[in-house]
Amino acid sequence: MSDKVFITGGAGFVGCAVSRHLLDLGHEVALYDSFLNYVFPLDKIHLDNLMNRLATVENDVKVYRGSTENQDCMRRAIMDFKPNRIIHLAAMPLANLAVDHPEEAVQSIVMGTLNLLHIARDLPQLDRLVYVSSSMVYGDFPNRPVQEDDAKDPKEVYGSMKLSGELMIRAFSRLFGLQSTVIRPSAVYGPTDNNRRVLGIFLENALTGKPLIVKGRGHALDFTFVGDSAAGIASAALHEKAAGKAYNITRGRGRTIYDAAQIVAKLVPGTEVIEAPADPRMPVRGGLDVSLAKSEIGFNPQVDLEEGLAQYHAYLQDQRQRGVW
């Protein structure tokens with residue numbers, strides 16, 4: 001039986017990957033997106049990324065343009081599509097942006113989520129609401145690998161806002177009987193990403209002869225290839241066991257940023273790696289435990305950092321050969 005899945009932030013880096021995964025499983029998908037860009041200035045590479053990601057889904061989905069900050073606009077789109085499952089991805093995508101623009105983070109992450117909850121409570125046909133949170137809610141990881149029930153103590157604005165969203169989801173679920181699931185991803189990367197995350201910066205710098213700046217040699221992240229992340233989010237939306245649960249959806253392995261830089265340096269010989277102090281505003285993280293998602297919803301991440309970076313490198317090389325940058 002196919003489902004109707006409405007994805008906020010559906011035209012984004014992760015959103016398009018989730019959409020393609022759901023379409024391949026035979027489901028009907030609608031994308032709701034403001035098409036807001038968080039990079040400036042926009043250049044050919046950003047436009048090419050957007051076109052490439054949308055090309056994978058645009059002929060197979062219904063697209064609504066609008067912001068989650070506009071409750072009326074979002075309500076009209078949802079009422080028109082009549083989904084029985086909603087995946088909420090729309091939000092300011094980067095922690096460092098939230099530090100510099102906290103007011104925008106509150107509107108994007110907190111108020112956008114609250115607006116969606118006001119709509120979701122009125123949908124009798126809604127079987128599942130998936131809230132895509134962040135591993136930043138744990139703050140400095142109390143354990144490694146960190147588990148879903150470990151303490152939540154965000155260190156910065158982004159994690160705090162995402163945790164606020166989790167608490168609102170929990171409250172609305174209890175008060176109004178919403179069937180909800182919380183997802184905590186980490187360090188998602190891969191082709192078509194426009195948001196200047198560390199691995200994309202490393203590869204672009206290497207390909208243009210610039211050094212890679214590693215901020216904190218021992219600082220580790222659970223780097224997750226976008227295809228694995230998309231598959232996990234889709235499983236959380238579809239699997240009946242996921243209702244009322246929270247899952248870490250990551251590769252399940254902590255790797256240092258220094259390790260990532262060394263992999264990039266092997267892909268692009270001659271690349272210089274420079275070490276610098278870690279950013280004290282960012283939490284000390286590492287790997288996440290994904291055993292719960294594996295056992296309950298069949299999550300099966302497969303792409304290790306070496307393979308994922310090789311795929312990402314090949315994508316960027318193709319762009320260079322086509323004269324995009």
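Side chains are part of it too, since the values below use all heavy atoms of this structure and drop only hydrogens, waters and symmetry mates. Predicted model only: the values in this text are computed from it and were never measured.
Annotation: side chain of Glu204 is not in contact with side chain of Leu207 (no heavy-atom distance under 4.5 Å). You'll find the side chain of Val198 reaches within 4.5 Å of the side chain of Phe223, heavy atoms only. Between Phe202 and Ile263 there is no side-chain heavy-atom pair separated by less than 4.5 Å. For the pair Asp140/Asp153, no side-chain contact is recorded, criterion being any heavy-atom separation below 4.5 Å from C-beta on. Residues Ile7 and Leu22 form a side-chain contact, since some pair of their non-hydrogen atoms from C-beta on lies under 4.5 Å apart. When side chains are defined from C-beta on, Leu116 counts as touching Leu129, because their heavy atoms get closer than 4.5 Å. Put simply, the side chain of Leu114 reaches to within 4.5 Å of the side chain of Phe172, judged on heavy atoms. Put simply, the side chain of Leu117 reaches to within 4.5 Å of the side chain of Leu178, judged on heavy atoms.
Under the 4.5 Å side-chain heavy-atom criterion for ILVMFWY residues, a single connected hydrophobic cluster contains both Ile86 and Ile169. In the hydrophobic clustering of this structure, Tyr32 does not group with Val63; members are Ile, Leu, Val, Met, Phe, Trp, Tyr whose side-chain heavy atoms approach within less than 4.5 Å, directly or through other members. Clustering ILVMFWY residues whenever any of their side-chain heavy atoms sit less than 4.5 angstrom apart, transitively, puts Leu89 in the very cluster that holds Leu238. Residues Leu25 and Val61 share a hydrophobic cluster, clusters being chains of Ile/Leu/Val/Met/Phe/Trp/Tyr side chains in contact below 4.5 Å. Ile201 and Leu305 sit in two unconnected hydrophobic clusters of ILVMFWY residues. Membership requires side-chain heavy atoms under 4.5 Å apart, directly or through other members.
Taking CZ of Arg184 as the reference point, atom OH of Tyr131 lies at 10.0 Å (rounded to 0.5 Å). Atom OH of residue Tyr247 and atom CD1 of residue Ile183 lie 8.0 Å apart, to the nearest 0.5 angstrom. Note that CD of Glu166 and OG of Ser180 are 10.0 Å apart. Values are rounded to the nearest 0.5 Å. Taking CG of Leu267 as the start and CD of Glu306 as the end, the distance is 9.5 Å to the nearest 0.5 Å. The structure places NE2 of His239 at 9.5 Å from CZ of Arg128, a figure rounded to the nearest 0.5 Å. Rounding to the nearest 0.5 Å gives a distance of 11.0 Å between CG of Asp80 and CZ of Arg76.
Here the closest heavy-atom approach between residue Val188 and residue Val226 is recorded as CG1-CA, 3.8 Å. Among all heavy-atom pairs drawn from Ala265 and Val273, the shortest one is CB-CG2, 4.3 Å. Across every non-hydrogen atom of Leu212 and Ala206, the tightest pair is CD2-N, 3.9 Å. Ala236 approaches Ala242 most closely through the heavy-atom pair O-CB, 3.4 Å. Looking at every heavy atom in both residues, Pro142 comes nearest to Asp150 through CG-CB, 3.8 Å. Between Gln311 and Pro191, the shortest heavy-atom contact is O-CG, 4.3 Å.
Formation of a donor-acceptor pair under 3.5 Å by the Ser108 side chain with backbone atoms of Met92 is found in this model. With Thr8 contributing its side chain and Ala90 its backbone, the two residues share a donor-acceptor pair below 3.5 Å. A distance-only check finds no donor-acceptor pair linking the side chain of Asn84 to the backbone of Asp127 [under 3.5 Å]. No donor-acceptor pair closer than 3.5 Å links the side chain of Thr250 to the backbone N or O of Ser186. Side-chain atoms of Ser295 come within 3.5 Å of backbone N or O of Leu292 as a donor-acceptor pair. Between the side chain of Arg53 and the main chain of Thr192, a donor-acceptor pair closer than 3.5 Å is present. Side-chain atoms of His27 come within 3.5 Å of backbone N or O of Asp3 as a donor-acceptor pair. Asp33 places no side-chain N or O within donor-acceptor distance of the main-chain N or O of Arg65, the cut-off being under 3.5 Å. At least one donor-acceptor pair closer than 3.5 Å links the side chain of Lys4 to the backbone N or O of Phe81. Under a 3.5 Å cut-off, the side chain of Lys155 and the backbone N or O of Met136 do not form any donor-acceptor pair.
Looking at residues two or more places apart in sequence or on another chain, you find no side chain to side chain donor-acceptor pair (under 3.5 Å) involving Thr224.
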Test side-chain contact (heavy atoms from CB on, under 4.5 Å) on Thr68 and Asn115 and set out the steps. CA-CA 7 Å; Thr68 56; Asn115 284 336; 5.8 Å; no
Run Gln262 and Lys266 through side-chain contact (heavy atoms from CB on, under 4.5 Å) and show every step you take. CA-CA 6 Å; Gln262 292 299 318; Lys266 288 181 180 179; 5.6 Å; no
Are Asn52 and Thr56 close enough, and set up right, to give a side-chain contact (heavy atoms from CB on, under 4.5 Å), and what steps lead you there? CA-CA 7 Å; Asn52 287 340; Thr56 66; over 6 Å; no
side-chain contact (heavy atoms from CB on, under 4.5 Å) assessment of His118 paired with Gln71: CA-CA 8 Å; His118 280 306; Gln71 186 181 144; 3.7 Å; yes
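We find that Asp304 and Arg255 are not joined by a salt bridge, their nearest charged nitrogen and carboxylate oxygen being 4.0 Å or further apart. Between Arg217 and Glu275, at least one side-chain N (NZ, or NE/NH1/NH2) sits under 4.0 Å from a carboxylate O, which counts as a salt bridge. By the 4.0 Å N-to-carboxylate-O rule, Asp60 lies close enough to Arg20 to be salt-bridged with it. Arg322 and Asp318 are joined by a salt bridge, as a carboxylate oxygen and a charged side-chain nitrogen come within less than 4.0 angstrom of each other. Ion pairing of Glu148 with Lys245 is absent here, as no side-chain N (NZ or NE/NH1/NH2) approaches a carboxylate O to less than 4.0 Å.
Within a 6.0 Å radius of CE in Met51, other residues, nucleotides and ligands contribute 12 heavy atoms or fewer. For Asp149, the CG atom sits in a loose shell: 12 or fewer heavy atoms of surrounding residues, nucleotides or ligands are nearer than 6.0 Å.
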Can I get a per-line list of side-chain donor-acceptor pairs under 3.5 Å for residues 280-290, giving both atom names and the distance, sequence neighbours left out?
residue, atom, partner, partner atom, Å
Arg281, NE, Asp279, OD1, 3.3
Arg281, NE, Asp279, OD2, 3.4
Arg281, NH2, Asp279, OD2, 3.2
Arg285, NH1, Ser135, OG, 2.9
Asp289, OD1, Ser291, N, 2.8
Asp289, OD1, Ser291, OG, 2.7
Asp289, OD2, Gln147, NE2, 3.0

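The aromatic rings of Tyr138 and Phe141 lie perpendicular to each other, with more than 60° between the two planes, well past the 30° mark.
With no hydrogens or angles considered, a side-chain donor-acceptor pair links Thr256 and Asp259 at under 3.5 Å.
Relative to the ring axis of Phe6, Lys62 does not place its NZ or CZ within 45° and under 6.0 Å from the centre.
Of the candidates Tyr315, Phe13, Phe225, Tyr189 forms a ring-ring contact (aromatic ring centres under 6.0 Å, His included) with just one, namely Phe225.
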